[in-house]
Visitor: 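Before I ask anything, here is the structure I am working with.
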Amino acid sequence: QVRLVESGGDSVQAGGSLRLSCEVSGPTYVLICMGWFRQAPGKEREWVASLNSGRKYIADSVKDRFTISAENVKNIYLQMDSLKPEDTATYYCSAGRPGATCRVQSSNHYWGQGTQVTVSS
């Protein structure tokens with residue numbers, strides 16, 4: 001069973017930076033992609049960034065401010081700069097197994113418990 005544990009969420013002022021981390025354990029060889037989603041209160045969970053076959057993909061809404069990276073497949077990071085109040089959300093680390101569409105949440109994804117990011121103006 002793949003297990004994902006996020007950390008790094010915090011409360012920051014607009015314009016600040018945070019680095020989210022996701023520690024991955026279990027059989028990572030079954031995974032086809034890894035990444036981050038977020039969910040703001042009253043909104044649906046949305047895709048933020050993903051790694052797939054060595055390539056990085058970032059949502060247009062955060063493209064110039066967020067960066068995704070990985071270390072040895074066991075640690076996934078999301079560097080978030082120039083944070084805005086609209087970035088306030090719970091951020092979830094995700095890992096997709098065969099059958100998953102990496103940018104769309106599904107039953108073929110593993111999920112972490114989430115880490116809260118709050119950006120104040």
Visitor: Starting at OG of Ser69, measure out to NZ of Lys56 and round the result to the nearest 0.5 Å.
Guide: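 Reported to 0.5 Å precision, the distance equals 5.5 Å.
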Visitor: Distance alone, cut at 3.5 Å: any donor-acceptor contact between the side chains of Arg97 and Tyr110?
Guide: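 There is such a pair (donor and acceptor under 3.5 Å, judged by atom type) between the side chains of Arg97 and Tyr110.
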Visitor: Report yes or no: does Arg65 contribute a side-chain atom to a donor-acceptor pair with the main-chain N or O of Ser82 at less than 3.5 Å?
Guide: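 Side chain of Arg65 to backbone of Ser82: a pair is present.
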Visitor: Any chance you could measure Leu78, atom CG, to Phe37, atom CZ, to the nearest 0.5 Å?
Guide: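 Going from the CG atom of Leu78 to the CZ atom of Phe37 covers 12.5 Å.
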Visitor: Provide the closest heavy-atom pair for Ser120 versus Pro85 in the form atom of the first, atom of the second, distance.
Guide: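 That would be C-CG, 4.5 Å.
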Visitor: In Å and rounded to the nearest 0.5 Å, what is the CZ to SG distance from Arg103 to Cys33?
Guide: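 Answer rounded to 0.5 Å: 10.0 Å.
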Visitor: With a 4.5 Å limit on heavy-atom distance, are the side chains of Val62 and Met80 in contact?
Guide: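 The answer is no, as the side chains (C-beta and beyond) never meet within the 4.5 Å cut-off.
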Visitor: Could you tell me whether Arg45 sits above the aromatic face of Trp111, with NZ or CZ closer than 6.0 angstrom to the six-membered ring centre and within 45 degrees of the axis?
Guide: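 Judged by the rule (NZ or CZ under 6.0 Å from the ring centre, within 45° of its axis), Arg45 counts as positioned above Trp111.
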Visitor: Give, for atom CD1 of Ile68 and atom CG of Leu51, the distance between the pair rounded to the nearest 0.5 Å.
Guide: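 One gets 4.0 Å once the value is rounded to the nearest 0.5 Å.
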Visitor: What are the two closest heavy atoms between Asp87 and Val119, and how far apart are they?
Guide: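 Taking every non-hydrogen atom into account, CB-CG2, 4.3 Å.
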Visitor: Side-chain atoms of residues 1-9: list all donor-acceptor pairs with protein atoms under 3.5 Å, sequence neighbours left out, distances to 0.1 Å.
Guide:
unit_1 : atom_1 : unit_2 : atom_2 : d
Glu6   : OE1    : Gln113 : N      : 2.9
Glu6   : OE1    : Gln113 : NE2    : 3.4
Glu6   : OE1    : Gly114 : N      : 2.9
Glu6   : OE2    : Cys93  : N      : 2.8
Glu6   : OE2    : Gly114 : N      : 3.2

Visitor: Using a 3.5 Å distance criterion without hydrogens, assess whether the side chain of Gln39 forms a donor-acceptor pair with backbone atoms of Lys43.
Guide: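 Looks like yes, one N/O pair under 3.5 Å.
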Visitor: Just do the side-chain contact (heavy atoms from CB on, under 4.5 Å) check on Asn52 and Tyr57 with the steps written out, would you?
Guide: CA-CA 8 Å; Asn52 186 353; Tyr57 300 90; 4.0 Å; yes
Visitor: Is there a side-chain contact between Thr115 and Tyr92, using heavy atoms and a 4.5 Å cut-off?
Guide: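 When only atoms from C-beta onward are counted, Tyr92 and Thr115 do not touch, as no gap falls below 4.5 Å.
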Visitor: Could you check whether any side-chain N or O of Ser106 sits under 3.5 Å from a backbone N or O of Asn108, counting only pairs where one atom can act as donor and the other as acceptor?
Guide: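 The answer is yes, because a donor-acceptor pair under 3.5 Å joins these two groups.
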Visitor: Could you verify whether a donor N or O on one side chain and an acceptor N or O on the other, from Gln116 and Thr90, lie under 3.5 Å apart?
Guide: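 Side chains of Gln116 and Thr90: pair found under 3.5 Å.
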Visitor: Do NZ/NE/NH1/NH2 and the carboxylate oxygens of Lys74 and Glu23 come within less than 4.0 Å?
Guide: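 Judged by the 4.0 Å cut-off on N to carboxylate O distance, Lys74 and Glu23 do not form a salt bridge.
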Visitor: Does a side-chain heavy-atom distance below 4.5 Å link Leu18 with Leu83?
Guide: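 Of all side-chain heavy-atom pairs linking Leu83 with Leu18, at least one is under 4.5 Å.
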Visitor: A side-chain contact here means heavy atoms from C-beta on lying under 4.5 Å apart; do Ser17 and Gln79 qualify?
Guide: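 They are in contact (side-chain heavy atoms under 4.5 Å apart), so the answer is yes.
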Visitor: Please name the pair of heavy atoms, one in Ser50 and one in Cys102, separated by the smallest distance, quoted to 0.1 Å.
Guide: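 Minimum heavy-atom separation between Ser50 and Cys102: OG-CB, 4.5 Å.
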Visitor: Is the Phe66-Trp36 ring centre distance short of 6.0 angstrom?
Guide: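 Between Phe66 and Trp36, the centre distance exceeds or equals 6.0 Å.
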